[in-house]
Amino acid sequence: MKLEYSGQEKVQTSPEKVWSFIQDPQKVASCLPDLRSVEIKDSKNMVATVGVAVGPVRGSFKLNIELDPHPEENKVMVRIRGGGLGSAVDLTASADIVGQEDQTTLLNWQGLATVSGPAATVGGRVLDAQAKRLIEAVFANMGQKMSEA
């Protein structure tokens, strides 16, 4: 099952602080909902275990996460691969980082995910709504943590 998303998050901080935040895997990992554990491999790669609930399917997913910042393009790419409970997820996302005159920053994000296994058979609308909530929660958490920094 293929899922596509896009959205926007306004962050109450400068683009420089946003870049500083998103280049720290530990800080980015702290924004994942229901984070159970994280292992930082290097400055761009981590392995995270997160709790997952899609309809009756509940458990944890182990995810390999790669952060790929492109400051010269004002863009960050994220690649997530992994799974659990017999299901697999492959997500490619990006965010354009756009500074505003009022010293805030807009994150214009989009993502494309492929899900297979029991999580995908739960039903398109349930999975789609849950995945969208999770993605929105990650960006909202990032916005809040960056504004506090």
Which residues pass the side chain to side chain contact (heavy atoms under 4.5 Å, CB included) test with S14, not counting sequence neighbours?
E16, K17, Q103

Would Q23 and S43 count as a side chain to side chain contact (heavy atoms under 4.5 Å, CB included) if you check the C-alpha gap in whole Å, the side-chain angles of each, and the deciding distance to 0.1 Å?
CA-CA 7 Å; Q23 293 186 50; S43 65; over 6 Å; no

What pairs with N45 under side-chain hydrogen bond (donor to acceptor under 3.5 Å, both in side chains), at least two apart in sequence or on another chain?
D42

Could you pull out all residues at least two apart from S60 that satisfy side chain to side chain contact (heavy atoms under 4.5 Å, CB included)?
R36, T49

Pairs involving residues 89-111, ordered by first then second residue, that meet ring pair (Phe, Tyr, Trp, His ring centres under 6.0 Å) (sequence neighbours left out)
W109-F139

Applying salt bridge (Lys or Arg N to Asp or Glu O under 4.0 Å), name anything that partners D102, two or more places apart in sequence or on another chain.
K10

Are the side chains of Y5 and L91 in contact, using a 4.5 Å heavy-atom criterion?
no

With sequence neighbours left out, what residues match D90 under salt bridge (Lys or Arg N to Asp or Glu O under 4.0 Å)?
R79, R81

Sort and list the pairs that fulfil salt bridge (Lys or Arg N to Asp or Glu O under 4.0 Å) and have at least one residue in residues 107-119, not counting sequence neighbours.
none

Interatomic distance, CE@M1 vs OG1@T114, rounded to 0.5 Å, equals 11.0 Å

Donor-acceptor check, side chain of S147 to backbone of Q12, threshold 3.5 angstrom: yes or no?
yes

Cluster companions of L106 among Ile, Leu, Val, Met, Phe, Trp, Tyr (side-chain spacing under 4.5 Å):
V98

Test log, rule side chain to side chain contact (heavy atoms under 4.5 Å, CB included), inputs V78 and I65
CA-CA 7 Å; V78 180; I65 303 171; 4.1 Å; yes

Sequence neighbours excluded, the answer for salt bridge (Lys or Arg N to Asp or Glu O under 4.0 Å) partners of E39 is K41

Counting N and O atoms only, with roles assigned by atom type, does the side chain of T105 sit under 3.5 Å from a partner on the main chain of G99, one being a donor and the other an acceptor?
no

Enclosure of E101 CD (heavy-atom neighbours >12, cutoff 6.0 Å):
no

Could you tell me if the side chain of V138 sits less than 4.5 Å from the side chain of L32, heavy atoms only?
yes

Are any of the side-chain heavy atoms of K145 and C31 separated by less than 4.5 Å?
yes

Just jot down the side chain to side chain contact (heavy atoms under 4.5 Å, CB included) partners of K75, sequence neighbours excluded, or say none.
E73, M77, S94, D96, Q110

Going through the distances and angles, do D34 and F61 end up as a side chain to side chain contact (heavy atoms under 4.5 Å, CB included)?
CA-CA 11 Å; D34 202 7; F61 273 36; over 6 Å; no

Please tell me if the side chains of N64 and I80 come closer than 4.5 Å, counting only heavy atoms from C-beta onward.
no

Would L35 end up clustered with M46 when hydrophobic side chains under 4.5 Å apart are linked, directly or stepwise?
yes

Run the side chain to side chain contact (heavy atoms under 4.5 Å, CB included) test on L107 and I97 for me, step by step, so that the C-alpha distance in whole Å, both residues' side-chain angles and the decisive distance to 0.1 Å come before the verdict.
CA-CA 5 Å; L107 301 178; I97 298 163; 3.7 Å; yes

Qualifying residues under side-chain hydrogen bond (donor to acceptor under 3.5 Å, both in side chains), relative to D68, sequence neighbours excluded:
H70

Applying side chain to side chain contact (heavy atoms under 4.5 Å, CB included), name anything that partners Q26, two or more places apart in sequence or on another chain.
D24, V38, I40

